[in-house]
Amino acid sequence: MTDTATTAEATVPEQAASPEEKTWPEALGANRLADMLAEITGEPVRALDVEELVERGALTPVDEYKGWPMYSTAAAREVDVELLRAVVAERLEWFEASLPRDAAAERIGWHWSDITRMGREGRITLGRADRYLIADLDKLAEEADDEQYITAQATADVLEIRPSDWRYVEAAGWIAPAETYEREVGRNRGALPARRRP
């Protein structure tokens, strides 16, 4: 029996063709531009970051679509990457330290209208994306417990009178609403949540 040796030519695999870079339109809205920047830089860019870049003068709208601003993709590619990273980091840090309105109200057991009022008055820091600083919320819960507004129904409950009797108190002019707002009528009708004080 004879051994036969065969030699095969070493074959070098062809280099994989580099994938062509995705082409983007000349102008995009904030959401799609954020997607583009995220894809190019690897940063978790969001529309809020694009808006912040506009506020800082790094981007300017070049057009609009249905009332929404459009931004040049060529200009976006030229934005300083370090500036973009700083903007993204600031947003992430703010989101870690803050809550949206309803979550803020739930955190301290207040009604959302009190949170909104305290934000308007500057008692709670209100920042990007209409979020409230958690540290301010916790401080408010300790220091301003007696400053909540409560509904007429809750007031009648605290005073241990009928809601219809409370209407007489208002009609007599002994008290007036501190603030009013409209509320949708539907499945969740009834008294707004309020904290009862002993």
Side-chain angles (χ1 to χ4, degrees), residues 14-108 110-140 149 179-189 192-193:
E14 291 181 20
Q15 285 187 338
S18 60
E20 288 185 26
E21 190 176 333
K22 183 175 179 178
T23 56
W24 297 89
E26 288 181 17
L28 292 170
N31 284 312
R32 290 200 54 217
L33 191 70
D35 292 342
M36 183 193 89
L37 289 169
E39 189 172 306
I40 291 169
T41 64
E43 295 291 323
V45 185
R46 300 289 178 265
L48 276 174
D49 303 320
V50 172
E51 292 166 11
E52 183 65 21
L53 289 170
V54 171
E55 284 183 30
R56 295 185 187 199
L59 284 174
T60 53
V62 294
D63 202 354
E64 71 171 45
Y65 177 72
K66 295 185 177 180
W68 294 96
M70 304 283 285
Y71 306 96
S72 162
T73 53
R77 287 173 180 276
E78 294 175 10
V79 168
D80 179 38
V81 176
E82 291 308 313
L83 172 63
L84 178 63
R85 285 190 178 121
V87 166
V88 170
E90 287 169 17
R91 173 181 52 81
L92 293 173
E93 186 179 328
W94 171 245
F95 272 51
E96 188 71 29
S98 65
L99 291 170
R101 184 197 69 188
D102 291 346
E106 185 178 330
R107 180 180 179 93
I108 63 173
W110 285 28
H111 188 263
W112 63 261
S113 63
D114 289 313
I115 300 295
T116 303
R117 175 173 53 89
M118 293 295 193
R120 276 195 318 264
E121 294 173 1
R123 305 276 300 279
I124 311 172
T125 303
L126 176 61
R128 287 176 75 183
D130 295 329
R131 294 174 67 95
Y132 297 88
L133 185 63
I134 293 171
D136 286 357
L137 290 166
D138 293 344
K139 184 177 176 185
L140 185 71
Y149 290 172
E179 187 173 316
T180 60
Y181 61 91
E182 291 185 20
R183 182 164 182 222
E184 287 184 29
V185 176
R187 275 186 21 212
N188 297 326
R189 286 189 302 183
L192 296 172

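Atoms CG and CG, on D49 and L33 in that order, are 11.0 Å from each other to the nearest 0.5 Å. Between the CZ atom of R117 and the CD1 atom of I124 there is a distance of 9.0 Å, given to the nearest 0.5 Å. Interatomic distance, R101 CZ to T116 OG1, rounded to the nearest 0.5 Å: 5.0 Å. Atom CH2 of W68 is separated from atom CG of L28 by 15.0 Å, given to the nearest 0.5 angstrom. From L99, atom CG reaches atom CD of E106 across 9.5 Å, with rounding to the nearest 0.5 Å. Taking CZ from R77 and OG1 from T41, the interatomic distance works out to 11.0 Å, rounded to the nearest 0.5 Å.
Side-chain contact between I108 and I115: present, with at least one pair of heavy atoms (C-beta onward) separated by less than 4.5 Å. A 4.5 Å side-chain heavy-atom check between V54 and Y71 finds at least one atom pair inside the cut-off. Looking at heavy atoms from C-beta onward, M70 lies out of side-chain contact with E26 at the 4.5 angstrom threshold. Counting only heavy atoms from C-beta outward, the side chains of M118 and W110 approach each other to under 4.5 Å. In this structure, R91 and E52 have side chains that are not in contact, with every pair of non-hydrogen atoms separated by 4.5 Å or more. The shortest distance between side-chain heavy atoms of R120 and L126 does not fall below 4.5 Å.
Of the possible polar contacts, one joining the R131 side chain to the F95 backbone as a donor-acceptor pair under 3.5 Å is found. No donor-acceptor distance shorter than 3.5 angstrom exists from the side chain of R128 to the backbone of W94, with no hydrogens or angles considered. Not one N or O on the side chain of W24 forms a donor-acceptor pair closer than 3.5 Å with the backbone of M36.
Ion pair D35/R32 not flagged as a salt bridge, since none of the NZ, NE, NH1 or NH2 atoms sits closer than 4.0 Å to an Asp/Glu carboxylate oxygen.
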